[in-house]
Amino acid sequence: MLPKAILFDLDDTILRFSDSGADRWREICLEAGPRLSLSPPTLFDAIRSTANAFWSSPERTPADRFDFPKSRRRVVKKAFESLGIDNPKFAVELADLFSATREEGIAPFPGAIETLKRLLSKGVRLAMVTNGSGKDQRRKIDRFQLEPYFEYILIEGEFGVGKPEPIVYETALNAVEAEPSEAWMVGDSLENEVAGPQRLGIHAVWRDNAGRGLPPNSPIQPDRIIRSIAELLP
């Protein structure tokens, strides 16, 4: 049975985002590694692990999401430091190259748009709730013409706060005239799309993009786990 309303995350839920970024970094490292006397996988692993640590740090602030180019410069500089490389100018060059070409590989997941269309045809009311800057997220929404599928779109940079603040989900639910018990939240973040919504009584559907399952001893337990949003359809 489908609910009255579904709240969707954007990146890594509707759009292939993180994996496309990893692909681009591999391409950059393939050329940059030899210039640093490093194997491309060594450079890629350093940047990847540093980025994961940066974005999972409790010291991270929403401002870091609003200026991705600046944050990427910090990440690559730290990655260079972890490798014992003193070349901040080249670190900035690589970070800026990634920023300039980042969006080339972003695209809707296979079947994502068709799923949104079918949900609408079945009378489900849709809203999008996404963190990030208004400029960045609107550019992606416009590029893939996603706005017509949603009655309401809430972007952290435009709204003032983001997930997992309760007011974010409450505002989206009010916009689609649904109670928490009548709605699902769908996304890839255990905190933002599972724990936060569940605290309000929203049915939480976790998109496990990697197919690895929940982390060991995870205190957060989704109501449902899917690999593709097409699985939402009966």
Side-chain angles (χ1 to χ4, degrees), residues 1-21 23 65 102-159 162-164 168-198 200-211 222-234:
M1 296 293 293
L2 289 169
K4 178 179 180 179
I6 299 179
L7 313 183
F8 277 100
D9 175 47
L10 177 61
D11 296 322
D12 291 325
T13 300
I14 296 172
L15 300 181
R16 181 178 182 269
F17 185 74
S18 295
D19 286 347
S20 66
D23 291 344
R65 293 195 295 269
R102 169 67 180 93
E103 296 192 10
E104 293 177 1
I106 299 174
F109 282 108
I113 302 301
E114 292 77 5
T115 298
L116 297 178
K117 291 178 179 178
R118 289 190 61 190
L119 289 171
L120 286 177
S121 72
K122 293 179 179 296
V124 181
R125 304 184 71 169
L126 306 181
M128 181 188 294
V129 183
T130 178
N131 284 357
S133 77
K135 179 182 177 181
D136 291 339
Q137 300 305 74
R138 284 289 174 188
R139 185 168 58 247
K140 285 179 280 188
I141 291 167
D142 293 344
R143 176 184 172 189
F144 298 109
Q145 301 178 347
L146 297 175
E147 187 168 2
Y149 300 106
F150 297 94
E151 291 186 44
Y152 181 70
I153 294 176
L154 186 152
I155 301 174
E156 178 186 21
E158 297 175 350
F159 188 66
K163 299 172 291 187
V168 171
Y169 314 105
E170 293 168 345
T171 300
L173 289 178
N174 287 336
V176 293
E177 300 177 328
E179 296 296 323
S181 60
E182 300 175 309
W184 296 352
M185 176 76 222
V186 180
D188 67 294
S189 168
L190 287 172
E191 177 59 35
N192 292 342
E193 279 87 57
V194 178
Q198 284 179 334
L200 298 177
I202 300 171
H203 184 87
V205 182
W206 181 52
R207 173 160 188 167
D208 178 15
N209 291 321
D223 295 300
R224 183 179 175 188
I225 299 175
I226 60 175
R227 290 291 307 278
S228 164
I229 65 171
E231 295 174 40
L232 300 174
L233 295 165

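Quick note: numbers below take in every heavy atom, side chains included, and nothing from hydrogens, waters or symmetry partners.
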Start with the C-alpha gap between E170 and L200, add the side-chain angles, then the distance that decides, and say whether side-chain contact (heavy atoms from CB on, under 4.5 Å) holds.
-> CA-CA 8 Å; E170 293 168 345; L200 298 177; 3.8 Å; yes

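A side chain to side chain contact (heavy atoms under 4.5 Å, CB included) with W206 is found for exactly one of T13, V186, V194, namely V194. Each of L7, L120, V176 was checked for a side chain to side chain contact (heavy atoms under 4.5 Å, CB included) with R125, and the lone residue meeting it is V176.
Side-chain contact between D23 and R16 is present, with at least one heavy-atom pair separated by less than 4.5 Å. The shortest side-chain heavy-atom distance between I106 and R102 falls under the 4.5 Å cut-off. Using a 4.5 Å heavy-atom threshold, the side chains of P234 and L2 count as touching. Side-chain contact between L10 and V129 is absent, with no heavy atoms from C-beta onward closer than 4.5 Å. Residues K140 and F17 are in side-chain contact: their nearest non-hydrogen atoms beyond the backbone lie under 4.5 Å apart. Within the 4.5 Å cutoff, the side chain of L119 has heavy atoms near those of the I6 side chain. R143 places a side-chain heavy atom less than 4.5 Å from the side chain of E103. Contact annotation: the side chain of T130 never approaches that of L154 to less than 4.5 Å [non-hydrogen atoms, C-beta and beyond].
Taking all atoms of both residues into account, the shortest heavy-atom contact from N192 to Y169 is O-OH, 2.6 Å. I113 and P108 make their closest contact through CG1-CB, 4.1 Å (heavy atoms, listed as atom of the first residue, atom of the second, distance). Here the closest heavy-atom approach between residue F109 and residue L15 is recorded as CE1-O, 3.3 Å. Of all heavy-atom pairs spanning P3 and A183, the tightest one is CB-CA, 4.3 Å. What you find for I155 and S133 is that their closest heavy atoms are CG2-O, 3.8 Å. Heavy atoms only, all atoms of each residue included: Y152 and A175 are closest at CG-CB, 3.4 Å.
Expressed to the nearest 0.5 Å, how far CZ of F8 lies from CZ of F150 amounts to 6.0 Å. Note that OG of S181 is 10.0 Å distant from CD1 of I202, once rounded to the nearest 0.5 Å. The CD1 atom of I153 lies 10.5 Å from the CG atom of L126; values are rounded to the nearest 0.5 Å. Note that CG of D136 is 11.0 Å distant from CD1 of I141, once rounded to the nearest 0.5 Å.
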Enumerate, atom names and distances included, each donor-acceptor pair closer than 3.5 Å involving a side-chain atom of residues 226-233, sequence neighbours excluded.
residue: R227; atom: NE; partner: D208; partner atom: O; Å: 2.9
residue: R227; atom: NE; partner: N209; partner atom: O; Å: 3.4
residue: R227; atom: NH2; partner: N209; partner atom: O; Å: 3.1
residue: S228; atom: OG; partner: A230; partner atom: N; Å: 3.1
residue: E231; atom: OE2; partner: R227; partner atom: N; Å: 3.0
residue: E231; atom: OE2; partner: S228; partner atom: N; Å: 3.2

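Ion pairing between a basic and an acidic side chain is recognised when a charged N comes within 4.0 Å of a carboxylate O; R138 and E158 show such pairing. Looking at E191 and K163, no side-chain N of the basic residue comes within less than 4.0 Å of a carboxylate O on the acidic one, giving no salt bridge. A salt bridge does not link D9 to R207: none of the charged nitrogens lies less than 4.0 Å from a carboxylate oxygen. Salt bridge status for R65 with E156: present, with a side-chain N to carboxylate O gap under 4.0 Å.
No side-chain donor-acceptor contact under 3.5 Å links E182 to the backbone of A178.
Within 6.0 Å of CD in E179 there are 12 or fewer heavy atoms belonging to other residues, nucleotides or ligands.
Under the ring pair (Phe, Tyr, Trp, His ring centres under 6.0 Å) criterion, W184 pairs with H203, sequence neighbours left out.
In summary, the side chains of Q137 and D11 do present a donor paired with an acceptor at a separation below 3.5 Å, with no hydrogens or angles considered.
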